[in-house]
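Numbering starts at 1 and runs along the sequence shown.
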Amino acid sequence: MNVYETPSFQKVVENNSYVGRGVLLGKTPDGRQAVTAYFIMGRSENSRNRVFREEGDDITIYPFDASKVEDPSLIIYSPIRMYENKLIVTNGDQTDTIYEGLKEGKCFRQSLKTREFEPDGPNWTPRISGMITFGDGDFTYEMSILKSGDAEGSFCNRFTYDYGSKAGLGHLIHTYMGDGNPLPTFQGEPERVAIPQDIDAFTKEIWESLNEDNKISLYVRYTDLATGKYESRLINKHEL
């Protein structure tokens with residue numbers, strides 16, 4: 001296997017019916033735009049009862065039907081927030097932890113030292129996070145996964161990855177390796193993914209590649225590195 005192979009998003013997830021939640025960061029082939037994508041999937045009624053909402057530069061997840069909410073702490077959060085020249089993307093309320101940590105002068109990794117995987121045993125869903133740092137017409141990015149070190153959830157393993165941006169290349173980190181009971185936690189390094197130039201083409205590819213029964217919402221953002229302006233696409237299954 002070529003470790004530098006860069007498959008399409010569709011190829012990466014084609015044999016995984018339950019990818020879970022996913023964070024994808026990368027750069028367009030022309031080298032002019034930073035790419036961010038975040039998607040959620042769900043099996044239970046509580047997990048599927050969600051929609052994305054744009055609020056300024058941020059994204060927040062809300063219940064589609066508030067009367068059906070069982071545990072709001074795990075489904076209502078802001079997966080995307082901006083802090084100065086940094087774009088934070090996570091699968092939980094650790095978005096706010098990173099945001100507050102940056103305000104206190106901490107780095108991405110230090111901010112996450114106070115957090116661990118979700119308390120949803122026996123799955124112990126990992127907390128996945130990413131952050132783009134913009135500067136000098138380019139960017140670097142970091143990704144993190146906090147996951148249980150054993151079946152009992154007795155301790156947390158922490159992994160952080162730092163990347164320089166490369167045209168046409170992105171990295172995807174997600175919560176599960178597939179469906180199951182308990183759900184199998186993501187393993188290995190973030191997966192290399194080819195980034196298309198066109199935001200609509202990439203949004204379509206991601207959405208259509210996710211399992212039809214389990215996919216819930218998707219947000220994609222392309223940020224112009226010269227101007228800082230961005231365009232975005234948002235899909236909510238409940239509103240299709």
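Ion pairing between D200 and R233 holds under the 4.0 Å rule for side-chain N and carboxylate O.
If you chain together hydrophobic residues whose side chains sit under 4.5 Å apart, F52 and I216 fall into the same group. Taking hydrophobic clusters as Ile, Leu, Val, Met, Phe, Trp and Tyr residues chained together by side-chain heavy-atom distances below 4.5 Å, L87 shares a cluster with M143. Linking ILVMFWY residues whenever their side-chain heavy atoms come closer than 4.5 Å, directly or via other members, leaves I80 and M131 in distinct clusters. Under the 4.5 Å side-chain contact rule for hydrophobic residues, L25 and L234 share a cluster. Linking ILVMFWY side-chain heavy atoms closer than 4.5 Å, directly or via other members, places F134 and V23 in a single hydrophobic cluster.
For the residue pair T160/E142, the side-chain donor-acceptor check at 3.5 Å is not satisfied. Side-chain contact check for T90 and T95: at least one donor-acceptor pair (N or O, by modelled atom type) lies under 3.5 Å. Side-chain N/O atoms of N211 and S17 include no donor and acceptor closer than 3.5 Å. H171 and E189 are not linked by any side-chain donor-acceptor pair at a separation below 3.5 angstrom, with hydrogens and angles left out of the test. T6 and R192 share a side-chain donor-acceptor pair at under 3.5 Å. Donor-acceptor pairing under 3.5 Å is lacking for the side chains of S78 and D58. Side chains of T133 and K86: a donor on one and an acceptor on the other come within 3.5 Å.
Side-chain atoms of S217 and K237, non-hydrogen and from C-beta on, never get closer than 4.5 Å to each other. In this structure the side chain of Y38 never reaches within 4.5 angstrom of the side chain of I59, judged on heavy atoms. In this structure, S144 and Y161 have side chains that are not in contact, with every pair of non-hydrogen atoms separated by 4.5 Å or more.
Put simply, the side chain of R50 gets close to the backbone of M41: a donor and an acceptor are under 3.5 Å apart. Judged by distance alone, the side chain of D162 and the main-chain N or O of Y141 form no donor-acceptor pair under 3.5 Å. No donor-acceptor pair under 3.5 Å is formed between the side chain of D136 and the backbone N or O of D138. Without hydrogens or angle criteria, T175 side chain to R21 main chain gives a donor-acceptor distance under 3.5 Å. With hydrogens and angles disregarded, a donor-acceptor distance shorter than 3.5 Å links the side chain of S165 to the backbone of F139. Side-chain atoms of E104 never come within 3.5 Å of backbone atoms of G101 as a donor-acceptor pair (strictly under, hydrogens ignored). Within the 3.5 Å criterion, the main-chain N or O of I206 finds no donor-acceptor partner in the side chain of E208. At distances below 3.5 Å, at least one donor-acceptor pair connects side-chain atoms of Q94 with backbone N or O atoms of I128. For K27 (side chain) and G170 (main-chain N/O), no donor-acceptor pair under 3.5 Å exists by modelled atom type. Using a distance-only test at 3.5 Å, with no hydrogens or angles considered, a donor-acceptor pair links the side chain of N123 to the main chain of L183.
In summary, of the residues considered (T36, D57, T223), a side chain to side chain donor-acceptor pair (under 3.5 Å) with Y230 occurs for D57 alone.
Annotation: side chain to side chain donor-acceptor pair (under 3.5 Å) contacts of R81 (sequence neighbours excluded): D96. Take R43 and apply the salt bridge (Lys or Arg N to Asp or Glu O under 4.0 Å) test, not counting sequence neighbours, and it matches D179.
Classified by interplanar angle (parallel below 30°, tilted 30° to 60°, perpendicular above 60°), the ring pair W124/F117 is perpendicular. Ring geometry for F202 versus Y222: interplanar angle over 60°, hence perpendicular rather than tilted (30 to 60°).
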* To do: Any chance you could lay out the side-chain hydrogen bond (donor to acceptor under 3.5 Å, both in side chains) test for S111 and E100, step after step, and finish with the verdict?
  => CA-CA 8 Å; S111 299; E100 295 300 325; over 6 Å; no
* **From CA spacing to verdict: side-chain hydrogen bond (donor to acceptor under 3.5 Å, both in side chains), T97, R115** => CA-CA 8 Å; T97 304; R115 304 304 302 270; 2.8 Å; yes
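Heavy atoms of other residues, nucleotides or ligands lying less than 6.0 angstrom from CZ of F155 number more than 12. Residue R158 qualifies as enclosed at atom CZ: its count of foreign heavy atoms under 6.0 Å is above 12.
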Output a table of donor-acceptor pairs, distance under 3.5 Å, between side-chain atoms of residues 9-16 and any protein atom two or more places apart or on a different chain; print 'none' if there are none.
residue : atom : partner : partner atom : Å
K11     : NZ   : E14     : OE2          : 3.2
N16     : OD1  : Y18     : N            : 2.9
N16     : OD1  : V19     : N            : 3.3
N16     : ND2  : Y176    : O            : 3.2
N16     : ND2  : M177    : O            : 3.4

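In summary, the aromatic rings of Y83 and Y99 are positioned with their centroids under 6.0 Å apart.
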